[in-house]
There are 2 protein chains.
Amino acid sequence: MAKAYRLRGRVWIEGPDGTFLGYGRVVLLERIREHGSISAAARSMQMSYRHAWKLVDSMNRQSREVVVEKSTGGRGGGGAILTEAGEKAVAAFWAAYGDFRDFLAQRSRQLDL
Amino acid sequence: MAKAYRLRGRVWIEGPDGTFLGYGRVVLLERIREHGSISAAARSMQMSYRHAWKLVDSMNRQSREVVVEKSTGGRGGGGAILTEAGEKAVAAFWAAYGDFRDFLAQRSRQLDL
DNA sequence: AAGCGTAATGTATCACTAAACATAACGCAA
DNA sequence: TTGCGTTATGTTTAGTGATACATTACGCTT
């Protein structure tokens, strides 16, 4: 039996200005949908708010329609919600990601070294 | 027409001790085959000798049979050659890499955002 | 014995990214 | 008007990996 080699990798969706969606970004979007705010989403995944905010800003700037709508002040201090466009982006990424996982698994089996 | 999004990514072959082969490592192996030494190979791709040596060492330690045979001293100061096992490893990586390129191209076309 | 170009390593510096801090602005509620 | 939790940003501080330097070992050639 061969040494346990396997094919691994990463994929992301890129726009004209660099990375638009990657694994971490998509998880962040889902956490925002779940928690209703960028700060709570960041906390839930041990990410600094600063970093999370920048990622959301990057995604919003690269998307035709914003993926996250933010509000400041008010009851609870404000918050953020995932838009329809955001939902669609998340789904598109997971679809590609799932196929990629399949590709890696299949190709790992074919490795002969 | 949609904004020009595309799927991008990276793949590598991983062993029990981390990365075994990646794009840069395989190019390095090919340069070693071409130039006959680690130092000349490193120079040819603007890589520091230090780094190139570490990569070769990592690959050799992770492979059942070494991928590069090195000799020190002697006429020309020594050198390095790609072994048969090395050739096989290079070929295996390019095969997976080529399929991955196809996968990305195909999936990029299917992206609807 | 001396010289050459390479392998082999240790140490230090630089570059880039992520994380940590530190505030300000905002708008509703009490 | 004060307080609260969030968005919004600037600044500073690690942490990581690549790069640069510096040195030794090696073995053939002349």
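The sequence lines fix the lettering, A, B, ..., with proteins before strands; numbering per chain opens at 1. No hydrogens, no waters, no symmetry mates; every other heavy atom, side chains included, goes into these values. Keep in mind that this is a model prediction, so the values were computed, not measured.
Side-chain contact between B:K70 and B:W53: present, with at least one pair of heavy atoms (C-beta onward) separated by less than 4.5 Å.
Within the structure, every side-chain polar atom (N or O) of A:S39 is placed at least 4.0 Å from both OP1 and OP2 of D:dG5. Under 4.0 angstrom from either OP1 or OP2 of D:dT6 there lies at least one side-chain N or O belonging to A:R43. Residue B:W53 places no side-chain N or O under 4.0 Å from the OP1 or OP2 atom of C:dA7.
With C:dA29, D:dT6, C:dT6 as the choices, the nucleotide that has an atom nearest any side-chain atom of B:S37 turns out to be C:dT6. Distances were taken from every side-chain heavy atom of B:S48 (C-beta onward) to each of C:dA19, D:dT7, D:dT19; the shortest belongs to D:dT19. Each of C:dA8, D:dT9, D:dC28 was ranked by its minimum atom distance to the side chain of A:Y49; first place goes to D:dT9. The listed nucleotides are C:dT11, C:dA8, C:dA19; the one nearest the side chain of B:R50 is C:dT11.
Atom CD1 of A:I32 and atom P of D:dT6 are 13 Å apart (whole Å). The distance between atom CE of B:M47 and atom P of D:dA20, rounded to the nearest whole Å, is 12 Å. Per the geometry, NZ belonging to A:K54 stands 12 Å off C1' belonging to C:dA20, to the nearest Å. For the pair B:R75 CZ and D:dC28 P, the interatomic distance rounds to 11 Å; values are reported in whole Å. Distance CD (A:E69) to C1' (D:dT7): 15 Å, rounded to an integer number of Å.
Taking the nucleotide of DNA chain D with the nearest heavy atom to each of B:G76 and A:I38, the more 5' of the two is matched to A:I38. Checking B:G73 against A:H51, the closest nucleotide of DNA chain C that is more toward the 5' end is the one next to B:G73. Nucleotides of DNA chain C nearest to B:K70 and A:Q46 differ in position, and the one nearer the 5' end is that of B:K70.
Classification of A:R61 and A:D17 as a salt-bridged pair fails, no side-chain N sitting under 4.0 Å from a carboxylate O.
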>> Please evaluate residues B:V67 and B:V90 with respect to the criterion side-chain contact (heavy atoms from CB on, under 4.5 Å), reporting the C-alpha separation (whole Å), side-chain torsions for both, the decisive distance (0.1 Å), and the verdict.
In response: CA-CA 9 Å; B:V67 292; B:V90 167; over 6 Å; no
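A donor-acceptor pair under 3.5 Å is absent between the side-chain atoms of A:R109 and the main chain of A:L104, judged by distance alone.
Ring geometry for A:F20 versus B:Y5: interplanar angle under 30°, hence parallel rather than tilted (30 to 60°).
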